[in-house]
Every structure is written in structure tokens, then in C-alpha cells.
Amino acid sequence: MRKNLSKDILISEEAEKTTLFQIQSTCHPFTKSLIESLSDLNEQLQEEFSSSEDITKTLNKLPLKPQDELFKRVFGCGLQCPFCKVPCEDTRKEHKKHHAAVHRPQGLGQCRYIDTEKLLPTLCTTSVHSEQKFRNTDTEGKCHPYKEYTTYYQDWHIPPDSSIEASDYWKYVLVKYNDRFAQEYKAKPADVPEAWRRITKEQALKGLKDAFNIK
């Protein structure tokens, strides 16, 4: 310490030893006091919130807006999957790879077969697990293997998996609103697998809850 401070102030070696010898306090009293203060603050905030008639006015007074933080947590960074348009769920300001827990049928992202104009029912995770190819403006109209999607979309991580049950939710959505999506996207309804039609609302919601660890 004396060596580091010698550039700024002059401290004798004897004075340094005397000072260090007299510092006998520990951080335990401070830690105990801090915990007690936080406990009191917690009770104070709970009392203030419970007695407030206008919760909106109370929230607006806070330096950190909980509604904004909740929105960021749910919305993620906002960048969409190039195929199904599911938004990235990573809430960190700087992340190298975009990702989503549950991808959707690509038809929900307006992808369609060029020859039939029918919405594409295949999930991204299934496509990158297969030998299928895609083409769009990014590939300049040339067919490109789904497995090598990182050639054009290096900042996305789409796990190759054809058996993700959580995606049952979006399969259910496509089946239920197939015609409406087709009308909105000016396309033809997707040819959905017959097994998708047997997915119940309860199964769809269970898959979604399991994916996000919701009890």
C-alpha cells in the first residue's frame, strides 16, 4: 500500500504500520446492518404498494419501471427468425447468437411453396434437420440447404430437432387458423399433417408451458 501511495502522499513506514495495526474491524457488522436495512425497505415498499389507491402513479415514481423490464424479458431483442419469424428471446444487450425456445411452422412467417403458393407447414427445427432446401431474396433465388442456413444467417442458432413437443402449440395454431393466415398472407392454406389435427388445446398449452417452465 505504501508503495502505491508514495507517488501522491508521503507516509512513513512507522505510521503505516501503526495505522494498519489499529484497523481491526470486520465486514460482518456492516453486512448484518445492510441485511436488516433491506428487510425494512422491503416491508416499507410492500406497505406503500398495498396502501396506494393508484398503482399506476406509484409505479411511475419508481426509477426502474417494472413494466418495461417485464416487456423486455418477454419480448427479447426483437430480431426475428429468418424462416418462421419467431422473435429472439435473448434479453441481453449484447449476444452473439439469436435463439428461441420454440420455433413455429414456417407458414406463420409467410414462407410458402413457390409452385403451389401453399403455406409451408414444416418447422424450422425440422427443416434444418432434413435434406430440404430453401430459396429467397437472401439467396438471390438460388436453392440452398437448410442444414447450411448459417451461410446466410450466421447470427441465428436453430437447433436441428424433429421431435420438439413444445412446438405442438404452434402446430395447433396453424391448424385452427390455417385459412385466416392464408387469407392474410395472400397464399393458399397449408397441407397440415393429419396428426396435427388431433392435437388438443390442452396438449398445445402443456407443450408451451413445459418449454418455458411454467407450472
Side-chain angles (χ1 to χ4, degrees), residues 71-72 74-92 94-212:
F71 178 80
K72 291 177 183 177
V74 174
F75 190 70
C77 82
L79 193 70
Q80 294 179 306
C81 169
F83 302 116
C84 71
K85 304 305 181 187
V86 64
C88 171
E89 298 169 2
D90 202 319
T91 58
R92 296 172 298 175
E94 296 182 2
H95 50 278
K96 296 181 179 179
K97 291 286 185 180
H98 301 292
H99 63 87
V102 182
H103 282 265
R104 309 168 181 174
Q106 295 171 66
L108 298 182
Q110 302 192 42
C111 290
R112 67 196 72 192
Y113 293 107
I114 295 177
D115 54 347
T116 64
E117 288 293 316
K118 292 183 178 181
L119 294 177
L120 185 62
T122 315
L123 278 76
C124 313
T125 48
T126 302
S127 292
V128 298
H129 185 69
S130 69
E131 301 298 327
Q132 297 175 352
K133 297 181 179 181
F134 70 93
R135 63 176 179 173
N136 54 28
T137 54
D138 293 329
T139 68
E140 298 181 347
K142 299 177 182 179
C143 292
H144 187 82
Y146 271 100
K147 284 185 176 181
E148 301 173 11
Y149 71 92
T150 53
T151 301
Y152 295 96
Y153 310 112
Q154 298 178 4
D155 53 354
W156 264 94
H157 172 64
I158 304 174
D161 191 346
S162 59
S163 61
I164 299 180
E165 294 182 359
S167 60
D168 283 353
Y169 175 81
W170 291 109
K171 294 175 184 176
Y172 175 83
V173 169
L174 180 59
V175 170
K176 188 173 180 63
Y177 302 105
N178 196 358
D179 292 334
R180 292 178 63 178
F181 278 114
Q183 183 179 0
E184 178 67 22
Y185 297 153
K186 294 180 173 55
K188 295 180 181 179
D191 290 330
V192 296
E194 192 61 34
W196 290 20
R197 301 183 185 278
R198 294 193 291 271
I199 298 174
T200 65
K201 181 179 179 180
E202 290 71 25
Q203 289 174 322
L205 291 175
K206 181 181 182 301
L208 193 63
K209 289 179 179 180
D210 290 344
F212 294 100

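For reference, positions follow the sequence shown, starting with 1. All heavy atoms count here, side chains included; hydrogens, waters and symmetry mates do not.
Contact between Cys143 and Lys133 at its shortest, heavy atoms only, is CB-CD, 4.1 Å. Between His103 and Val86 the shortest heavy-atom distance is ND1-CG1, 3.6 Å. Scanning all heavy atoms of the two residues, the minimum distance from Cys81 to Cys84 falls at SG-N, 3.6 Å. Minimum heavy-atom separation, Asp191 to Lys118: OD2-NZ, 2.9 Å. The two residues Pro121 and Trp196 have their closest heavy-atom pair at O-CH2, 2.9 Å. Looking at every heavy atom in both residues, Gly109 comes nearest to Lys85 through CA-CG, 3.4 Å.
Aromatic ring orientation, Tyr185 versus Phe181: tilted (interplanar angle from 30° to 60°).
Interatomic distance, NZ of Lys176 versus NZ of Lys201, reported as 7.5 Å (0.5 Å rounding). Expressed to the nearest 0.5 Å, how far CD1 of Ile114 lies from CG of Leu120 amounts to 11.0 Å. To the nearest 0.5 Å, atoms CD1 (Ile199) and OH (Tyr169) are separated by 12.5 Å. With rounding to the nearest 0.5 Å, the separation of CD in Glu89 from NE2 in His95 is 10.5 Å. Atom OH in Tyr113 sits 4.5 Å away from atom OG1 in Thr122 (nearest 0.5 Å). Taken to the nearest 0.5 Å, the CG atom of Asp168 stands 10.5 Å off from the CG atom of Leu208.
In this structure, Asn178 contributes its side chain and Ala190 its backbone to a donor-acceptor pair below 3.5 Å. Put simply, the side chain of Arg104 never gets that close to the backbone of Leu174: no donor and acceptor are under 3.5 Å apart.
In this structure, the side chains of Lys206 and Asp210 come closer than 4.5 Å at one or more pairs of heavy atoms. No side-chain heavy atom of Lys188 sits less than 4.5 Å from a side-chain heavy atom of Thr116. His99 is listed as a side-chain neighbour of Asp90, based on a closest heavy-atom distance under 4.5 Å.
Here Arg112 pairs with Glu117 in a salt bridge; the nearest charged N to carboxylate O distance falls below 4.0 Å.
Around the CD atom of Gln183, the shell of radius 6.0 Å holds no more than 12 heavy atoms that belong to other residues, nucleotides or ligands. Counting non-hydrogen atoms of neighbouring residues, nucleotides and ligands closer than 6.0 angstrom, the NZ atom of Lys97 exceeds 12 such neighbours.
Every residue two or more places apart in sequence or in another chain that forms a ring-ring contact (aromatic ring centres under 6.0 Å, His included) with Tyr146 is listed here: Phe83, Phe134. Listed by chain and number, the residues in a side chain to side chain donor-acceptor pair (under 3.5 Å) with Gln132 are Ser127 (sequence neighbours excluded).
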Acceptor/donor pairs from residues 147-156 side chains to any protein atom, 3.5 angstrom cut, sequence neighbours excluded:
residue	atom	partner	partner atom	Å
Lys147	NZ	Glu131	OE2	2.7
Tyr149	OH	Ile158	N	2.7
Tyr149	OH	Ile158	O	3.4
Thr151	OG1	Glu148	O	3.0
Tyr153	OH	Asn136	ND2	3.0
Tyr153	OH	Asp138	OD2	2.6
Trp156	NE1	Gln80	O	3.4

